[in-house]
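Just so we're on the same page: letters track the sequence lines, and every chain starts at 1.
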There are 2 protein chains.
Amino acid sequence: MNHLSTPVLSQIPDIVVSRLPIYLRTLRLLKDQGVEVTSSQELGELLGLSSAQIRKDLSHFGEFGKQGTGYNVAYLCNQLEKILKVDCVWPVILVGAGYLGHALASYTGFEHRGFRIVAVFDNDPAKIGSTIGAITVQAVEAIPSAVKQHRCQIAILAVPASAAQQVAEQLIEAGIKSILCYAPITLTVPPHIRVEYIDPVIYFQHMTFYLEKGCIEE
Amino acid sequence: MNHLSTPVLSQIPDIVVSRLPIYLRTLRLLKDQGVEVTSSQELGELLGLSSAQIRKDLSHFGEFGKQGTGYNVAYLCNQLEKILKVDCVWPVILVGAGYLGHALASYTGFEHRGFRIVAVFDNDPAKIGSTIGAITVQAVEAIPSAVKQHRCQIAILAVPASAAQQVAEQLIEAGIKSILCYAPITLTVPPHIRVEYIDPVIYFQHMTFYLEKGCIEE
DNA sequence: GACTGTTTGTGATAAAATGATCAAGAATAT
DNA sequence: ATATTCTTGATCATTTTATCACAAACAGTC
């Protein structure tokens with residue numbers, strides 16, 4: 001029995017990884033403002049986190065700071081981009097050309113943060129062939145070839161909840177590895193597929209727990 | 001020194017509260033499918049969580065199940081809706097009438113889960129006066145009166161990052177208590193204001209950490 | 001009614017995350 | 001030069017969170 005047969009993919013706690021994009025986003029903002037050096041304390045104040053947490057998170061990946069001075073903003077940005085593998089542009093496909101799909105396909109903020117929507121799909125004949133910006137909406141049957149052509153690993157799922165599970169299975173079958181799901185359901189997927197969810201109602205319901213009840217009716 | 005001077009708002013861990021909306025969403029789905037009874041194990045399998053975690057989470061709020069049988073789906077839905085205070089409809093205002101704002105204002109899935117967008121605002125004169133469904137876009141100056149009129153505590157922020165902080169301050173000034181922020185920045189707000197963030201790029205960058213690097217270009 | 005199958009709710013335990021502390025390095029002031 | 005002030009990265013302590021394991025409760029069956 002070879003205890004190294006499965007390479008240890010990452011001992012980094014997922015919760016640490018989940019904070020890195022937040023750090024990067026704020027560092028890019030500082031960089032754009034012309035800030036050259038920052039500290040864990042300044043970052044912590046901007047993000048509502050403790051300085052110790054930020055230092056500890058970063059220490060999983062190396063030593064990026066200098067005692068007495070802090071962190072060079074541009075350098076730390078670069079390092080985080082490498083760690084997160086966003087020092088390049090990832091192709092993303094989008095399924096669902098409704099209002100939400102349009103909003104996502106038209107959003108110009110993806111590219112400079114490492115992502116580009118390269119194809120859009122829908123199953124509505126009325127939408128197939130129409131264009132969103134420079135992209136032509138294709139039939140969902142064209143997903144597998146597009147995934148292969150662009151070597152795409154990431155998909156956005158912006159279809160109604162009733163169709164989401166089925167489309168997710170098509171995506172996985174086509175070779176997609178990670179799905180960002182806007183449908184308000186929990187997908188059932190194989191363990192090697194990563195799914196992240198965006199459902200605004202989940203956030204609303206989290207908020208209302210802490211609010212004084214104040215409703216319109218019923 | 002009166003140890004009860006500040007009423008203990010909630011000893012419930014926030015991480016427990018954050019899972020309740022997920023439970024509710026899945027229970028509603030089961031209910032719609034005609035399922036009358038479920039178990040912590042079934043729920044756990046649907047959600048990718050352990051049955052013990054679900055039982056323990058629920059136990060913070062009462063005893064909702066029956067040994068040997070499990071949980072009555074309709075009853076547990078009802079209880080969770082009460083706990084989360086979504087056994088009614090909350091008014092929500094939306095700032096930002098771009099593509100995203102349109103998608104949100106047109107989305108029909110809010111109402112039956114406890115939320116209704118009652119007003120939309122933008123600062124673009126070209127958009128003010130236009131309508132989205134039954135709602136007329138108003139100038140941001142009208143926010144305070146709308147918040148008062150609807151007794152609104154929740155706002156969606158769907159404006160560009162460059163405007164988000166300033167608009168957030170206007171919302172708080174107007175009496176908004178919780179903000180769902182779609183702008184890719186971290187807002188600076190007083191401690192009694194709750195902000196939740198939705199930035200798809202954060203999820204993408206979380207995904208790419210675990211993917212094999214595969215990019216279009218530098 | 002006794003027996004078998006489940007499934008809950010919970011105290012005990014283990015694991016994980018966070019926070020506090022501090023030596024050492026670096027910049028600045030004296 | 002020397003002292004002072006910062007700030008990092010590591011270690012240790014504390015708190016929080018998740019898991020385990022099981023008695024008690026219930027439904028169904030013989």
Does [X] have a side-chain nitrogen or oxygen under 4.0 Å from the phosphate oxygens OP1 or OP2 of [N]?
{"X": "A:Ser50", "N": "C:dG19", "value": "yes"}
{"X": "A:Gln53", "N": "C:dT18", "value": "yes"}
{"X": "A:Tyr71", "N": "C:dA26", "value": "no"}

Rounded distance in Å - [atom1] ([X]) to [atom2] ([N]):
{"X": "A:Asn72", "N": "C:dA26", "atom1": "CG", "atom2": "C1'", "value": "15 Å"}
{"X": "A:Leu47", "N": "C:dT18", "atom1": "CG", "atom2": "C1'", "value": "16 Å"}
{"X": "A:Ile54", "N": "C:dA17", "atom1": "CD1", "atom2": "P", "value": "17 Å"}
{"X": "B:Gln41", "N": "C:dG5", "atom1": "CD", "atom2": "P", "value": "16 Å"}
{"X": "B:Phe64", "N": "C:dT10", "atom1": "CZ", "atom2": "C1'", "value": "15 Å"}
{"X": "A:Arg55", "N": "C:dG25", "atom1": "CZ", "atom2": "P", "value": "17 Å"}
{"X": "B:Gln67", "N": "C:dG5", "atom1": "CD", "atom2": "C1'", "value": "14 Å"}

Taking for each residue the nucleotide of DNA chain D with the nearest heavy atom, is it A:Glu63 or A:Thr69 whose nucleotide lies nearer the 5' end?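 In this pair, the answer is A:Thr69.
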Any donor-acceptor pair, under 3.5 Å, between the side chain of B:Lys56 and the base of C:dG11, if you only look at N and O atoms?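 Counting by modelled atom types and ignoring angles, a donor-acceptor contact under 3.5 Å is found here.
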Does the structure show a Watson-Crick or G-U wobble partner for C:dG5, both distances under 3.5 Å? Name it, or say none.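 By the stated definition (distances under 3.5 Å), nothing pairs with C:dG5.
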Between atom [atom1] of [X] and atom [atom2] of [Y], what is the distance when rounded to the nearest 0.5 Å?
{"X": "B:Asp14", "Y": "B:Arg19", "atom1": "CG", "atom2": "CZ", "answer": "10.0 Å"}
{"X": "A:Ser50", "Y": "A:Lys56", "atom1": "OG", "atom2": "NZ", "answer": "10.0 Å"}
{"X": "A:Leu80", "Y": "A:Asp87", "atom1": "CG", "atom2": "CG", "answer": "11.0 Å"}

Hey, is C:dG5 sitting syn or anti, using the within-90° cutoff around 0?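 With its glycosidic angle within 90° of zero, C:dG5 counts as syn.
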When the aromatic ring centroids of B:Phe115 and A:Phe204 are compared, is their separation below 6.0 Å?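 Ring centroids of B:Phe115 and A:Phe204 are less than 6.0 Å from each other.
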Listed by chain and number, what are the salt bridge (charged side-chain N to carboxylate O under 4.0 Å, His left out) partners of A:Glu45, not counting sequence neighbours?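 Salt bridge (charged side-chain N to carboxylate O under 4.0 Å, His left out) list for A:Glu45, sorted by chain: empty.
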Any cation-pi pair here, A:Arg194 with B:Tyr210, using under 6.0 Å and within 45°?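 Satisfied, under 6.0 Å and within 45°.
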First of A:Asp14 and B:Lys66 reached from the 5' end of DNA chain C, by closest nucleotide: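 It is B:Lys66, whose closest nucleotide lies nearer the 5' terminus.
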Just do the side-chain hydrogen bond (donor to acceptor under 3.5 Å, both in side chains) check on B:Arg55 and B:Ser59 with the steps written out, would you? CA-CA 6 Å; B:Arg55 290 199 302 279; B:Ser59 75; over 6 Å; no
Scan B:Ser40 against the nucleic acid and name what it touches under 4.0 Å (heavy atoms): base, sugar-phosphate only, or nothing.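 Here B:Ser40 touches the backbone only, sparing every base.
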Report which part of the nucleic acid A:Ile15 touches: base, sugar-phosphate, or nothing (heavy-atom distance under 4.0 Å, all strands).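 Here A:Ile15 touches the backbone only, sparing every base.
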Could you tell me from which nucleotide to which nucleotide of DNA chain D, 5' to 3', there is an atom under 4.0 Å from chain B heavy atoms?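 Endpoints of the contacted stretch of DNA chain D: D:dT17 to D:dA27.
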